Amino acid sequence: MDVNNKTIVLEFVFSGLTNNEILKFFLFALFIVIYFATLVINVGLVAIVKNTSSLQNPMYYFLSYLSLVDVFYSSTITPKMLSDLMSQRRTISFEGCALQFFFYAAFGSIETLLLSTMSYDRYVAICHPLHYMTIMTKKKCLSLVLLSFSIGFLQSSVQTSCAFTLQFCGSNFIDHFYCDVPPVLRLSCSDTSASDMVTVYIVGALAISSLMTILISYTLIILSVTKIRSTESRRKAFSTCSSHLMCVFLFYGTVLFTYMRSPSSVFTIRDKVASVDKVASVFYTAVTPMLNPLIYSLRNQSVRGIIIQLVRSFQGLHAEFPQLRS
């Protein structure tokens with residue numbers, strides 16, 4: 001096949017979330033509120049953890065990095081999605097598509113690794129409480145965070161290189177609202193088998209290793225907690241894990257729902273991406289980053305108490321200086 005007789009793809013066109021003009025305005029208003037809330041809540045949680053002495057422990061150390069990753073993860077997809085909702089032509093340059101996927105894959109994998117790291121932290125806290133601070137030292141916590149970021153960006157570099165060094169000389173229409181490997185590879189006029197294999201192995205290895213870490217950690221936690229005689233002590237032990245488990249279920253549930261629905265392969269999509277798949281994608285790229293800090297804030301007594309104090313202080317400031325209301 002003579003590639004020189006074909007048009008080289010310089011940009012891609014997204015199908016977007018919807019073509020309904022009325023629904024576009026509703027979705028734009030909804031997701032701009034969600035995105036703003038994501039930024040405020042996550043940055044606020046990082047500030048609270050950093051400036052509160054009672055929260056200077058490994059659990060909140062990992063949580064603050066999870067919040068930072070959520071900010072960048074959401075910012076990789078949501079601003080472009082919002083722009084496309086208000087645009088007649090939803091395009092992205094070839095380089096822009098590669099860059100979007102690079103950061104999307106990097107921060108998505110970092111999130112999975114941090115969630116598995118946090119499960120290990122909960123295992124040490126519950127199963128080895130007397131040695132918790134000697135095991136989870138600052139140096140070890142920093143090493144685990146750096147390892148998560150290193151693996152995340154390394155695997156993203158490999159995936160991006162494999163996918164975007166292929167030849168694209170046919171259709172440039174991506175039936176999605178962001179650049180993901182499966183729909184992009186379908187547009188390539190090169191042999192994509194090697195890139196498919198790399199993607200399957202990398203994502204499979206990340207998913208299996210992180211899920212196994214979480215499953216093993218919570219299996220050991222459950223076995224340890226069942227040996228506790230006091231009902232109140234068991235309740236407290238499980239309550240420290242509930243927020244983390246909810247975040248795990250939210251993230252992994254929507255991701256697995258999206259990629260496991262295809263009857264053929266995890267990384268092979270149908271000719272047309274179903275609307276339910278787009279909804280699931282929106283959920284884990286835009287909504288979950290907002291929900292993660294909310295779950296930890298509302299279910300954690302320490303964080304909830306600090307937020308209440310801040311609100312009361314702000315109300316007291318307004319009462320003392322009424323001119324601030326204007």
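Just so we're clear, the structure is a prediction, and the values are computed from it rather than from any experiment.
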Could you pull out the closest heavy-atom pair between M118 and L66, with the gap in Å?
SD-CD2, 4.0 Å
Going by the rule ring-ring contact (aromatic ring centres under 6.0 Å, His included), which residues pair with F25 if we only count those two or more places apart in sequence or in a different chain?
none
Not counting sequence neighbours, which residues clear side-chain contact (heavy atoms from CB on, under 4.5 Å) with S75? List them please.
Y35, L39, V71
Test your reading of the model: is there a side-chain donor-acceptor pair from Q155 to the backbone of G152, 3.5 Å cut-off?
yes
Per the disulfide bond (SG atoms under 2.5 Å apart) rule, what does the pair list look like for residues 48-82, sequence neighbours excluded?
none
Listed partners of Y123 passing ring-ring contact (aromatic ring centres under 6.0 Å, His included), at least two apart
H128
In the hydrophobic clustering that connects Ile, Leu, Val, Met, Phe, Trp and Tyr at side-chain heavy-atom distances below 4.5 Å, which members other than F36 occupy its cluster, ordered by chain and number?
V40
Aromatic plane relationship, F107 with F153 - under 30° parallel, 30 to 60° tilted, over 60° perpendicular:
perpendicular
Where at least one partner belongs to residues 133-148, residue pairs that pass salt bridge (charged side-chain N to carboxylate O under 4.0 Å, His left out), sequence neighbours excluded
none
Quick one: sort the F251 and Y284 rings into parallel, tilted or perpendicular, breaks at 30° and 60°.
perpendicular
Applied to residues 39-90, the disulfide bond (SG atoms under 2.5 Å apart) test, sequence neighbours excluded, yields none
Between the main-chain N or O of S157 and the side-chain N or O of T160, is there a donor-acceptor pair closer than 3.5 Å?
no
Between N42 (side chain only) and P289 (backbone N and O only), is there a donor and an acceptor less than 3.5 Å apart?
yes
Go through the structure and list residues passing side-chain contact (heavy atoms from CB on, under 4.5 Å) with C162, not counting sequence neighbours.
V158, S195, V198
Y178-Y104 aromatic ring centre distance below 6.0 Å:
yes
Set of side-chain contact (heavy atoms from CB on, under 4.5 Å) partners for Q88, sequence neighbours left out:
E21
Please list, chain by chain and in numerical order, all residues satisfying disulfide (SG to SG under 2.5 Å) with C97, sequence neighbours excluded.
C179
Report, one line per pair, each donor and acceptor closer than 3.5 Å where one atom sits in a side chain of residues 219-228; sequence neighbours left out.
unit_1, atom_1, unit_2, atom_2, d
T219, OG1, L215, O, 2.6
T226, OG1, I222, O, 3.1
T226, OG1, L223, O, 2.8

Got a sec, which residues hit side-chain contact (heavy atoms from CB on, under 4.5 Å) with S15, two or more places apart in sequence or on another chain?
F173, D175, K278
